Amino acid sequence: MKQQILLTGGAGYIGSNTALELLNSGYEPVIVDNFSNSDETLDPRLDGVTVYKVDVTDRAALSAVFDKHDFHAVINFAGLKAVAVSVEQPLDYYENNLGGLITTLRVMEAHNVTRFVFSSSATVYDPAASLPYTETSATGHCNSPYGWTKYFAERIILDYAAAHPLFTATLLRYFNPIKGAIAEKPRGVPNNIYPYIRQVHEGLRDKLIVFGNDYPTRDGTCVRDYIDCTEIAKRHIAPLETEKPGAYIKNIGTGTGTTVLELIRQYEQENNCTIPYEFGPRRAGDIAECYC
Ligand code: NAD
Ligand code: UD1
């Protein structure tokens with residue numbers, strides 16, 4: 001029998017790419033999502049996957065899903081991720097991202113599910129830590145309530161794992177996901193650069209505004225560690241089979257920093273197109289460089 005893996009927030013960008021990778025690797029993904037940031041119609045390659053419209057903060061509803069399955073592991077993608085919105089509505093972010101996490105851990109405990117993988121972020125690293133960021137680099141001084149939800153989520157999971165010696169927790173700190181077998185379909189104006197570039201290419205937007213060209217980097221634009229979402233998805237497989245209980249932290253990046261201008265050039269070469277852009281002011285909260 002195939003092992004069933006619960007993906008909370010599995011209808012979203014990284015979750016749906018991971019569901020596809022799990023199918024390809026012989027697992028049975030099961031998706032729980034409230035569709036607050038995704039479509040109820042999934043990519044056709046996920047046809048046949050069991051999907052529940054459930055909010056992970058709803059303990060009774062989540063528990064009813066666990067009653068129907070025998071989950072080998074849970075991957076927690078569910079969360080809100082718009083950095084600027086989190087600054088305006090911090091309680092929504094803490095309530096959803098941390099409330100949902102705690103409810104998920106409680107329901108797992110009640111159903112004796114002891115394997116957990118969590119979507120964390122490079123945003124937990126202290127911007128003052130030296131580059132490249134390694135798993136032991138300092139964390140904290142997050143630049144938004146969103147970032148703090150990841151920081152506190154990690155703390156909660158580490159404390160829970162310490163109190164439950166049979167529990168296996170893997171915290172995956174993603175750097176900047178781009179591309180993927182299933183492309184991101186953001187609602188409204190994209191917050192992240194890659195879907196924005198794609199919308200310029202598709203003619204939905206006139207041009208990209210490059211946020212700042214006076215950073216202390218090789219061409220003045222910010223450096224990030226962009227990683228293909230299919231590669232991110234693949235890196236969720238090994239933690240499902242970790243033998244030894246405990247808590248593990250892993251960076252999910254390429255280890256190579258790319259400037260905004262280099263990213264635009266790469267996109268133009270790969271897609272044989274020209275992406276019009278203009279330099280604009282720096283975006284509040286951006287740091288010059290971030291790579292692992
Ligand atoms: P996404 O918004 O596409 O997917 C998240 C999914 O969670 C959405 O389908 C949304 O509807 C669902 N969701 C949100 N709150 C929920 C709730 N209470 N109950 C049930 N479902 C809920 O985002 P993504 O890019 O796929 O990110 C997945 C995870 O990875 C998130 O936790 C995000 O913070 C984290 N992450 C993302 C990035 C990135 O750049 N995309 C980087 C680092 C970390
Ligand atoms: C952002 C979040 C981070 C989150 C990540 C994934 C901030 C400060 N950080 O990372 O917490 O984990 O998204 O959701 O918001 N850029 C432009 N023009 C644009 C859009 C972006 O020049 O229209 C630049 C940015 O200045 C940055 C780079 O592109 O240098 C990448 O931006 P983005 O895709 O938003 O990701 P991050 O800011 O790295």
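This is a predicted model, so every value here is computed, not measured. Just follow the structure's listing: the first ligand is 1, and inside any ligand the first atom is 1.
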| Any idea which protein heavy atom is nearest atom 4 (O) of ligand 1, and the distance to it? | Gly12 CA, 3.4 Å
| message | I'd like to know if Gly285 contacts ligand 2, where contact means a heavy-atom distance under 4.0 Å to any ligand atom. | response | yes
| message | For atom 19 (N) of ligand 1, what's the nearest protein heavy-atom neighbour? Residue, atom name and distance, please. | response | Val56 N, 3.0 Å
| message | Measuring from atom 21 (C) of ligand 2, which candidate in Ile193, Asn192, Ile14 has the nearest non-hydrogen atom? | response | Ile193
| Is it the case that Arg205 places NZ or CZ above or below the six-membered ring of Tyr196, under 6.0 angstrom from the centre and within 45 degrees of the axis? | yes
| query | How does Tyr146 reach ligand 1, by side chain, by backbone, by both or by neither, if only non-hydrogen atoms under 4.0 Å count? | reply | side chain
| query | Short list, please: which atoms of ligand 1 are under 4.0 Å from a heavy atom of Ser120? | reply | 43 (C), 44 (C)
| said: Students often mix this up, so state it plainly: with edges at 30° and 60°, are the rings of Phe167 and Tyr160 parallel, tilted or perpendicular? | reply: perpendicular
| query | Lys150 near ligand 1, heavy-atom distance under 4.0 Å? | reply | yes
| query | Is it true that Tyr226 lies under 4.0 Å from ligand 2, counting heavy atoms only? | reply | yes
| query | For atom 13 (N) of ligand 1, which protein heavy atom lies nearest, and how many Å away is it? | reply | Asn34 OD1, 3.4 Å
| query | With the threshold set at 4.0 Å, does a side-chain nitrogen-carboxylate oxygen contact exist between Arg173 and Glu135? | reply | no
